[in-house]
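In this text, all values refer to a predicted model and were calculated from it rather than measured experimentally. One-based numbering, in listed order, for ligands and for the atoms of each. Count residues from 1 along the sequence.
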Amino acid sequence: MINIDNYKTKLTSLLSFRMLFEKNRSSVSMNIDNLKVSWECPSNIALVKYWGKKEEQLPLNPSLSFSLKKAHTRTTVTIKPREMKRLNFRFEGEESSFAHRVDQYLDKLSIDLSWINDYSFYFESENTFPHSAGIASSASAFGSFGLCMADINHKITGKKADNEQFLHEASRLARLGSGSACRSVYPGFAWWGKSSAYKGSTDCFALHVNKIHDIYSDMCDAVLIISSDRKKISSSAGHALMNDHLYREIRIRQANSNAIELYQLLKAPDHQRFFEIIENEALTLHALMMSSMPSFILLKEESLKIMDKIRMYREDTGIQIGFTMDAGPNIHLLYFREDQRKVHQFIESELKDLLEEGKWLDDRIGEGPVRLI
Ligand code: DP6
């Protein structure tokens with residue numbers, strides 16, 4: 001197991017959700033000409049998948065996810081009066097090709113936040129988890145950028161917002177960089193996408209799912225690394241496969257019904273049904289990629305073997321575990337904290353040989369973002 005706690009410098013101790021908000025409300029003194037903000041934002045794993053978009057980064061269907069506890073991006077943004085170069089982006093202390101995407105992101109934001117054109121931006125970003133390990137780094141990265149930019153926006157414009165409004169705004173700004181990032185700005189579970197079954201829901205930003213059953217606040221996620229090779233297809237190209245997909249309308253119906261049912265299960269648990277839906281979502285995502293034109297096979301032999309073993313273990317032991325996946329071969333093994341010891345044993349004895357260099361990450365549901373400065 002890779003210990004993410006030690007992968008980078010130790011995580012800054014997490015403030016509670018409430019403290020984060022209180023602090024957010026009070027800190028307004030700054031020098032606009034040299035303003036610095038800093039946020040840490042988790043990645044998230046979707047249980048109901050966002051797959052396919054319309055218009056400006058809006059989802060075809062609602063999605064539901066939870067934020068991770070250990071896999072974070074920390075970003076510091078300093079703004080100065082506009083110089084020749086608008087963006088200076090460093091990732092883990094080095095120049096990075098990701099700068100191009102961040103520059104495009106600033107372009108997008110500037111349509112709405114016109115002050116962006118008056119400043120130069122210094123972004124310094126780092127992750128607490130290894131690259132290409134089956135954890136969505138664009139979700140935590142753009143989550144942290146959205147929080148930083150919402151924070152700067154409030155300071156520059158003097159706009160007043162309560163904590164909930166601030167996070168909605170951060171979520172909306174994060175979405176413009178990467179859709180799944182809009183769900184990362186909350187602790188625990190988040191819902192993104194308009195649905196008549198979810199009050200107040202919108203395609204523009206995600207909402208924090210509250211009042212869930214206690215058992216789900218202890219959800220664990222073992223990220224099993226089957227391959228850390230670069231993605232075969234980018235997320236944007238993947239979403240575009242849904243534009244004229246033969247199963248597009250059916251998928252939209254299925255995702256809506258899965259999202260609503262899963263949301264209800266978070267309040268009134270039925271573990272068997274919970275894992276049925278989650279696995280159905282993961283397998284559907286891959287089935288959609290396999291049945292698109294052009295088609296993509298992202299699963300590896302080991303992915304299939306592991307899914308099979310997880311199901312067999314569940315059947316044999318009655319222990320409630322299940323799997324989900326993103327658009328890649330790696331598997332997120334989900335289980336409950338009370339079974340941690342047994343599940344870790346299962347991974348070490350039954351699954352480890354199928355993993356790339358035996359690697360897996362031990363993560364679980366987290367407390368959401370933290371303001372660092
Ligand atoms: C399969 O959010 O990475 O992980 O909006 O183009 O940045 P962009 O896509 P992205 O897509 C994530 C797709 C997914 C499912 C999910 O996280 O809901």
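Here atom 9 (O) of ligand 1 lies nearest to His239 when heavy atoms of Gln57, Arg175, His239 are compared. Of the listed residues (Met325, Lys53, Arg183), the one carrying the non-hydrogen atom nearest atom 16 (C) of ligand 1 is Arg183. By heavy-atom distance, the residue among Ala136, Ser235, Gly52, Ala181 lying nearest atom 3 (O) of ligand 1 is Ser235.
A salt bridge links Asp362 and Lys70; the closest N-O separation between the charged side-chain nitrogens and carboxylate oxygens is under 4.0 Å. Salt bridge Arg172/Glu169: present, at least one basic N to carboxylate O contact under 4.0 Å.
Under a 4.0 Å criterion applied to the non-hydrogen atoms of Ala46, ligand 1 contributes the atoms 16 (C), 17 (O), 18 (O). The ligand atoms of ligand 1 that sit less than 4.0 angstrom from a heavy atom of Arg101 are 7 (O).
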Q) Can you check ring-ring contact (aromatic ring centres under 6.0 Å, His included) on His239 and Tyr50, steps first, answer last? A) CA-CA 9 Å; His239 288 288; Tyr50 145 55; 4.2 Å; yes

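In this structure, Trp191 and Tyr263 have perpendicular ring planes: the angle between them is above 60°, well past the 30° mark. The aromatic rings of His213 and Tyr216 sit perpendicular to each other, their planes meeting at more than 60°, with 30° as the lower class boundary.
With hydrogens left out, the protein atom closest to atom 7 (O) of ligand 1 is Ser178 OG, 2.7 Å, a heavy atom. Protein heavy atom closest to atom 4 (O) of ligand 1, with residue, atom name and distance, is Asp326 OD1, 3.3 Å.
Looking at ligand 1, you'll find an N or O of Ser180 within less than 3.5 Å of one of its N or O atoms. An N or O contact shorter than 3.5 Å links Gly179 to ligand 1 by distance. By the 3.5 Å distance cut-off applied to N or O atoms, Tyr50 is counted among the residues near ligand 1.
Counting only distance, with no hydrogens or angles, the side chain of Asn61 and the backbone of Lys49 share a donor-acceptor pair below 3.5 Å. One N or O on the side chain of Trp192 and one on the backbone of Asp203 form a donor-acceptor pair closer than 3.5 Å.
Residue Ser236 touches ligand 1 through backbone and side chain together, judged by heavy-atom distances below 4.0 Å.
The closest side-chain donor-acceptor pair between Gln254 and Arg251 falls under 3.5 angstrom.
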